[in-house]
There are 2 protein chains.
Amino acid sequence: MAIWPYNRQYVKKREDYRQVARIHRALANEARLMIIERLKKREHTVGELTKLLGLDQSTVSKHLSILLTAGILDNRKQANNVYYRLLIPCVMDMFSCTSKVLKKMQSM
Amino acid sequence: MAIWPYNRQYVKKREDYRQVARIHRALANEARLMIIERLKKREHTVGELTKLLGLDQSTVSKHLSILLTAGILDNRKQANNVYYRLLIPCVMDMFSCTSKVLKKMQSM
DNA sequence: TGACTATATGGCCATATGGCCATATAATAG
DNA sequence: CTATTATATGGCCATATGGCCATATAGTCA
(Lines give C-alpha, C1' and ligand atoms only; values in the text may rest on other atoms or scores of the structure.)
Protein backbone atom coordinates (compact mmCIF):
# COMPACT_ATOMS: atom_id res chain seq x y z
CA MET A 1 0.00 0.00 0.00
CA ALA A 2 0.87 3.66 -0.20
CA ILE A 3 2.71 3.36 -3.51
CA TRP A 4 3.75 6.46 -5.34
CA PRO A 5 2.53 9.08 -5.04
CA TYR A 6 -0.44 7.96 -2.97
CA ASN A 7 -2.76 5.01 -3.25
CA ARG A 8 -6.08 5.59 -4.90
CA GLN A 9 -8.02 5.35 -1.66
CA TYR A 10 -5.96 8.09 -0.10
CA VAL A 11 -6.33 10.44 -3.04
CA LYS A 12 -10.09 9.89 -3.00
CA LYS A 13 -10.24 10.72 0.70
CA ARG A 14 -8.21 13.88 0.26
CA GLU A 15 -10.53 15.02 -2.49
CA ASP A 16 -13.59 14.19 -0.40
CA TYR A 17 -12.26 16.27 2.45
CA ARG A 18 -11.66 19.16 0.09
CA GLN A 19 -15.26 18.96 -1.10
CA VAL A 20 -16.74 18.70 2.37
CA ALA A 21 -14.60 21.61 3.51
CA ARG A 22 -15.91 23.64 0.59
CA ILE A 23 -19.50 23.02 1.65
CA HIS A 24 -18.79 24.07 5.22
CA ARG A 25 -16.99 27.15 3.99
CA ALA A 26 -20.12 28.06 2.06
CA LEU A 27 -22.05 27.91 5.33
CA ALA A 28 -19.40 29.79 7.29
CA ASN A 29 -20.82 33.27 6.83
CA GLU A 30 -23.61 35.14 8.57
CA ALA A 31 -25.09 36.58 5.42
CA ARG A 32 -25.23 33.22 3.68
CA LEU A 33 -26.87 31.61 6.71
CA MET A 34 -29.52 34.31 6.67
CA ILE A 35 -30.09 33.66 2.99
CA ILE A 36 -30.61 29.96 3.70
CA GLU A 37 -32.96 30.78 6.56
CA ARG A 38 -35.07 32.84 4.16
CA LEU A 39 -35.01 30.28 1.39
CA LYS A 40 -36.14 27.59 3.81
CA LYS A 41 -39.61 29.13 3.61
CA ARG A 42 -39.79 29.95 -0.10
CA GLU A 43 -37.75 30.97 -3.09
CA HIS A 44 -36.64 34.59 -3.37
CA THR A 45 -35.23 36.90 -6.01
CA VAL A 46 -31.83 38.51 -5.65
CA GLY A 47 -33.52 41.86 -5.15
CA GLU A 48 -35.70 40.60 -2.33
CA LEU A 49 -32.75 39.08 -0.54
CA THR A 50 -30.74 42.26 -1.05
CA LYS A 51 -33.42 44.27 0.74
CA LEU A 52 -33.75 41.69 3.50
CA LEU A 53 -30.04 41.51 4.20
CA GLY A 54 -29.28 45.20 3.84
CA LEU A 55 -26.10 44.50 1.91
CA ASP A 56 -24.98 45.71 -1.49
CA GLN A 57 -26.68 43.93 -4.39
CA SER A 58 -23.34 42.80 -5.76
CA THR A 59 -22.40 41.34 -2.42
CA VAL A 60 -25.61 39.35 -2.24
CA SER A 61 -25.14 38.13 -5.78
CA LYS A 62 -21.69 36.85 -4.88
CA HIS A 63 -22.99 35.09 -1.79
CA LEU A 64 -25.68 33.42 -3.88
CA SER A 65 -23.18 32.26 -6.42
CA ILE A 66 -21.07 30.72 -3.67
CA LEU A 67 -24.07 28.79 -2.33
CA LEU A 68 -25.00 27.85 -5.88
CA THR A 69 -21.64 26.44 -6.85
CA ALA A 70 -21.42 24.68 -3.50
CA GLY A 71 -24.52 22.80 -4.62
CA ILE A 72 -26.72 24.09 -1.84
CA LEU A 73 -28.99 26.30 -3.93
CA ASP A 74 -30.67 26.14 -7.29
CA ASN A 75 -31.98 29.02 -9.41
CA ARG A 76 -34.35 29.74 -12.23
CA LYS A 77 -34.86 32.78 -14.37
CA GLN A 78 -38.26 34.35 -14.88
CA ALA A 79 -38.70 37.66 -16.67
CA ASN A 80 -35.65 39.59 -15.58
CA ASN A 81 -35.61 38.14 -12.11
CA VAL A 82 -33.58 35.22 -10.89
CA TYR A 83 -35.26 33.13 -8.23
CA TYR A 84 -33.09 31.15 -5.85
CA ARG A 85 -34.32 28.20 -3.84
CA LEU A 86 -32.92 25.76 -1.30
CA LEU A 87 -31.85 22.56 -3.05
CA ILE A 88 -30.73 20.47 -0.07
CA PRO A 89 -33.16 20.81 2.85
CA CYS A 90 -30.97 18.61 5.03
CA VAL A 91 -28.66 21.59 5.34
CA MET A 92 -31.20 22.84 7.83
CA ASP A 93 -30.77 19.66 9.87
CA MET A 94 -27.09 20.43 10.29
CA PHE A 95 -28.16 23.36 12.38
CA SER A 96 -29.60 21.01 14.98
CA CYS A 97 -26.07 19.79 15.52
CA THR A 98 -24.49 23.22 15.55
CA SER A 99 -27.02 24.25 18.16
CA LYS A 100 -25.94 21.28 20.27
CA VAL A 101 -22.39 22.57 20.05
CA LEU A 102 -23.57 26.00 21.13
CA LYS A 103 -25.57 24.60 24.06
CA LYS A 104 -22.57 22.66 25.27
CA MET A 105 -20.46 25.78 24.96
CA GLN A 106 -22.82 27.82 27.08
CA SER A 107 -22.83 25.19 29.80
CA MET A 108 -19.09 25.54 30.18
CA MET B 1 -41.42 46.08 17.62
CA ALA B 2 -38.09 46.91 16.10
CA ILE B 3 -37.23 49.59 18.59
CA TRP B 4 -33.76 51.08 18.72
CA PRO B 5 -31.36 49.81 17.69
CA TYR B 6 -32.86 46.40 17.03
CA ASN B 7 -35.31 44.32 19.01
CA ARG B 8 -33.89 41.69 21.31
CA GLN B 9 -35.06 38.84 19.07
CA TYR B 10 -33.16 40.24 16.12
CA VAL B 11 -29.94 40.75 18.04
CA LYS B 12 -30.18 37.20 19.33
CA LYS B 13 -30.60 35.89 15.79
CA ARG B 14 -27.62 37.85 14.51
CA GLU B 15 -25.51 36.48 17.31
CA ASP B 16 -26.75 32.95 16.65
CA TYR B 17 -25.80 33.24 13.01
CA ARG B 18 -22.35 34.44 13.99
CA GLN B 19 -21.91 31.43 16.23
CA VAL B 20 -23.19 28.93 13.70
CA ALA B 21 -20.97 30.47 11.05
CA ARG B 22 -18.02 30.07 13.41
CA ILE B 23 -18.71 26.38 13.82
CA HIS B 24 -18.92 25.85 10.08
CA ARG B 25 -15.73 27.82 9.59
CA ALA B 26 -14.04 25.45 12.01
CA LEU B 27 -15.11 22.58 9.78
CA ALA B 28 -14.14 24.35 6.57
CA ASN B 29 -10.61 23.00 6.32
CA GLU B 30 -9.21 19.71 5.06
CA ALA B 31 -6.75 19.27 7.87
CA ARG B 32 -9.36 19.86 10.55
CA LEU B 33 -11.75 17.40 8.92
CA MET B 34 -9.01 14.79 8.94
CA ILE B 35 -8.42 15.47 12.61
CA ILE B 36 -12.10 14.92 13.33
CA GLU B 37 -12.09 11.72 11.28
CA ARG B 38 -9.25 10.43 13.43
CA LEU B 39 -10.78 11.51 16.72
CA LYS B 40 -14.01 9.79 15.79
CA LYS B 41 -12.28 6.51 16.62
CA ARG B 42 -10.30 7.49 19.69
CA GLU B 43 -8.53 10.36 21.38
CA HIS B 44 -5.07 11.34 20.10
CA THR B 45 -2.16 13.45 21.25
CA VAL B 46 -0.97 16.45 19.30
CA GLY B 47 2.15 14.53 18.33
CA GLU B 48 0.18 11.60 16.93
CA LEU B 49 -2.00 13.88 14.87
CA THR B 50 1.04 15.79 13.65
CA LYS B 51 2.54 12.58 12.27
CA LEU B 52 -0.75 11.48 10.76
CA LEU B 53 -1.39 14.76 8.99
CA GLY B 54 2.16 15.42 7.87
CA LEU B 55 1.92 19.08 8.78
CA ASP B 56 4.08 21.20 11.06
CA GLN B 57 3.43 20.64 14.77
CA SER B 58 2.60 24.29 15.28
CA THR B 59 0.08 24.16 12.46
CA VAL B 60 -1.66 21.16 13.98
CA SER B 61 -1.69 22.83 17.37
CA LYS B 62 -3.41 25.84 15.85
CA HIS B 63 -5.98 23.68 14.11
CA LEU B 64 -6.73 21.91 17.37
CA SER B 65 -7.17 25.16 19.19
CA ILE B 66 -9.64 26.31 16.55
CA LEU B 67 -11.70 23.13 16.96
CA LEU B 68 -11.41 23.44 20.72
CA THR B 69 -12.66 27.01 20.95
CA ALA B 70 -15.39 26.18 18.46
CA GLY B 71 -16.63 23.72 21.07
CA ILE B 72 -16.15 20.66 18.89
CA LEU B 73 -13.23 19.12 20.78
CA ASP B 74 -12.21 18.64 24.35
CA ASN B 75 -8.75 17.95 25.74
CA ARG B 76 -7.03 16.60 28.79
CA LYS B 77 -3.43 16.70 29.89
CA GLN B 78 -1.57 13.58 30.94
CA ALA B 79 2.16 13.59 31.63
CA ASN B 80 3.43 16.05 29.07
CA ASN B 81 0.97 15.02 26.41
CA VAL B 82 -2.32 16.66 25.59
CA TYR B 83 -5.02 14.30 24.44
CA TYR B 84 -7.78 15.67 22.25
CA ARG B 85 -11.13 13.96 21.80
CA LEU B 86 -14.34 14.57 19.87
CA LEU B 87 -16.87 16.30 22.10
CA ILE B 88 -19.86 16.44 19.79
CA PRO B 89 -20.29 13.21 17.85
CA CYS B 90 -23.21 14.62 15.90
CA VAL B 91 -20.66 16.58 13.91
CA MET B 92 -20.10 13.33 12.09
CA ASP B 93 -23.79 13.21 11.16
CA MET B 94 -23.42 16.50 9.37
CA PHE B 95 -21.27 14.69 6.89
CA SER B 96 -24.22 12.60 5.80
CA CYS B 97 -25.78 15.82 4.57
CA THR B 98 -22.65 17.14 2.92
CA SER B 99 -22.34 13.86 1.07
CA LYS B 100 -25.90 14.33 -0.19
CA VAL B 101 -24.84 17.71 -1.54
CA LEU B 102 -21.87 16.11 -3.25
CA LYS B 103 -24.00 13.33 -4.77
CA LYS B 104 -26.42 15.86 -6.18
CA MET B 105 -23.49 17.84 -7.58
CA GLN B 106 -22.09 14.83 -9.39
CA SER B 107 -25.45 14.06 -10.97
CA MET B 108 -25.49 17.49 -12.60
C1' DT C 1 18.57 21.45 39.98
C1' DG C 2 19.18 20.80 34.64
C1' DA C 3 18.16 18.35 30.43
C1' DC C 4 14.59 16.65 27.73
C1' DT C 5 10.01 16.24 25.58
C1' DA C 6 5.48 17.83 24.15
C1' DT C 7 2.76 21.54 23.12
C1' DA C 8 1.66 26.46 22.39
C1' DT C 9 2.62 31.03 20.67
C1' DG C 10 4.54 34.85 17.84
C1' DG C 11 6.26 36.39 13.47
C1' DC C 12 6.07 36.25 8.78
C1' DC C 13 4.21 35.67 4.06
C1' DA C 14 1.15 34.26 0.28
C1' DT C 15 -3.45 33.74 -0.63
C1' DA C 16 -8.56 33.96 0.34
C1' DT C 17 -12.59 36.44 1.96
C1' DG C 18 -16.16 39.93 2.32
C1' DG C 19 -17.46 44.28 1.64
C1' DC C 20 -18.24 48.33 -1.47
C1' DC C 21 -18.38 51.01 -5.99
C1' DA C 22 -18.56 51.10 -10.83
C1' DT C 23 -19.85 48.87 -14.75
C1' DA C 24 -21.21 45.04 -17.87
C1' DT C 25 -24.80 41.97 -19.27
C1' DA C 26 -29.57 40.31 -20.06
C1' DA C 27 -34.29 40.75 -20.30
C1' DT C 28 -38.45 43.68 -20.59
C1' DA C 29 -41.15 47.62 -21.81
C1' DG C 30 -42.27 51.35 -24.64
C1' DC D 1 -34.60 50.81 -31.72
C1' DT D 2 -33.85 53.03 -26.71
C1' DA D 3 -34.65 53.22 -21.90
C1' DT D 4 -35.32 50.76 -17.81
C1' DT D 5 -34.80 47.10 -14.56
C1' DA D 6 -32.53 43.04 -12.49
C1' DT D 7 -28.50 40.58 -11.94
C1' DA D 8 -23.56 39.52 -12.55
C1' DT D 9 -18.75 40.76 -12.85
C1' DG D 10 -14.33 43.29 -12.18
C1' DG D 11 -11.53 46.22 -9.37
C1' DC D 12 -10.12 47.57 -5.07
C1' DC D 13 -9.03 47.36 -0.08
C1' DA D 14 -8.93 45.77 4.73
C1' DT D 15 -8.84 41.76 7.18
C1' DA D 16 -8.64 36.61 7.90
C1' DT D 17 -6.55 32.17 6.96
C1' DG D 18 -3.13 28.53 6.67
C1' DG D 19 1.27 27.29 6.32
C1' DC D 20 6.14 27.38 8.01
C1' DC D 21 10.13 28.58 11.20
C1' DA D 22 11.76 30.00 15.55
C1' DT D 23 10.99 30.21 20.18
C1' DA D 24 8.44 30.17 24.60
C1' DT D 25 6.12 27.44 27.99
C1' DA D 26 4.99 23.44 30.81
C1' DG D 27 5.66 19.08 32.48
C1' DT D 28 8.79 14.90 33.37
C1' DC D 29 12.79 12.54 34.68
C1' DA D 30 17.44 11.93 36.12
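Labels below follow one simple rule: chain letters A, B, ... track the order of the sequence lines, proteins then strands, and each chain is numbered from 1. Just so you know, these numbers come straight off a predicted model, no measurement behind them.
Rounding to the nearest 0.5 Å gives a distance of 8.0 Å between CG of Leu68(B) and CG of Leu64(B). Note that the NZ atom of Lys62(A) and the CG atom of Leu67(A) stand 14.5 Å from one another [nearest 0.5 Å]. Atom-to-atom distance recorded for His44(A):NE2 and Tyr83(A):OH is 10.5 Å, nearest 0.5 angstrom.
Remark: P of dT7(D) and CD1 of Ile35(A) are 13 Å apart, rounded to the nearest angstrom. The NE2-P distance, from His63(A) to dT7(D), rounds to 16 Å in whole Å.
Where DNA chain C meets chain B (any atom under 4.0 Å from a heavy atom), the bounding nucleotides read 5' to 3' are dT5(C) to dG11(C).
Lys77(B) comes within 4.0 angstrom of the backbone, heavy atoms only, and of no base. Among the protein residues, Thr45(A) comes within range of the sugar-phosphate backbone only, with heavy atoms under 4.0 Å from sugar or phosphate atoms but none that close to a base. No engagement by Tyr83(B) is indicated, since no non-hydrogen atom pair under 4.0 Å with the nucleic acid exists.
Nearest-nucleotide positions on DNA chain D place Asn80(A) closer to the 5' end than the other of Thr59(A) and Asn80(A). Both Gly54(A) and Lys62(B) sit near DNA chain C, but only Lys62(B) has its closest nucleotide nearer the 5' end. Between Ser61(B) and Leu55(A), the one whose closest nucleotide on DNA chain C sits nearer the 5' end is Ser61(B).
With hydrogens and angles disregarded, no donor-acceptor distance shorter than 3.5 Å links the side chain of Thr59(A) to the backbone of Leu55(A). Under a 3.5 Å cut-off, the side chain of Arg32(A) and the backbone N or O of His63(A) do not form any donor-acceptor pair.
Paired with Glu48(B) under the rule salt bridge (charged side-chain N to carboxylate O under 4.0 Å, His left out), one option of Lys41(B), Arg38(B), Arg42(B) passes, and it is Arg42(B).
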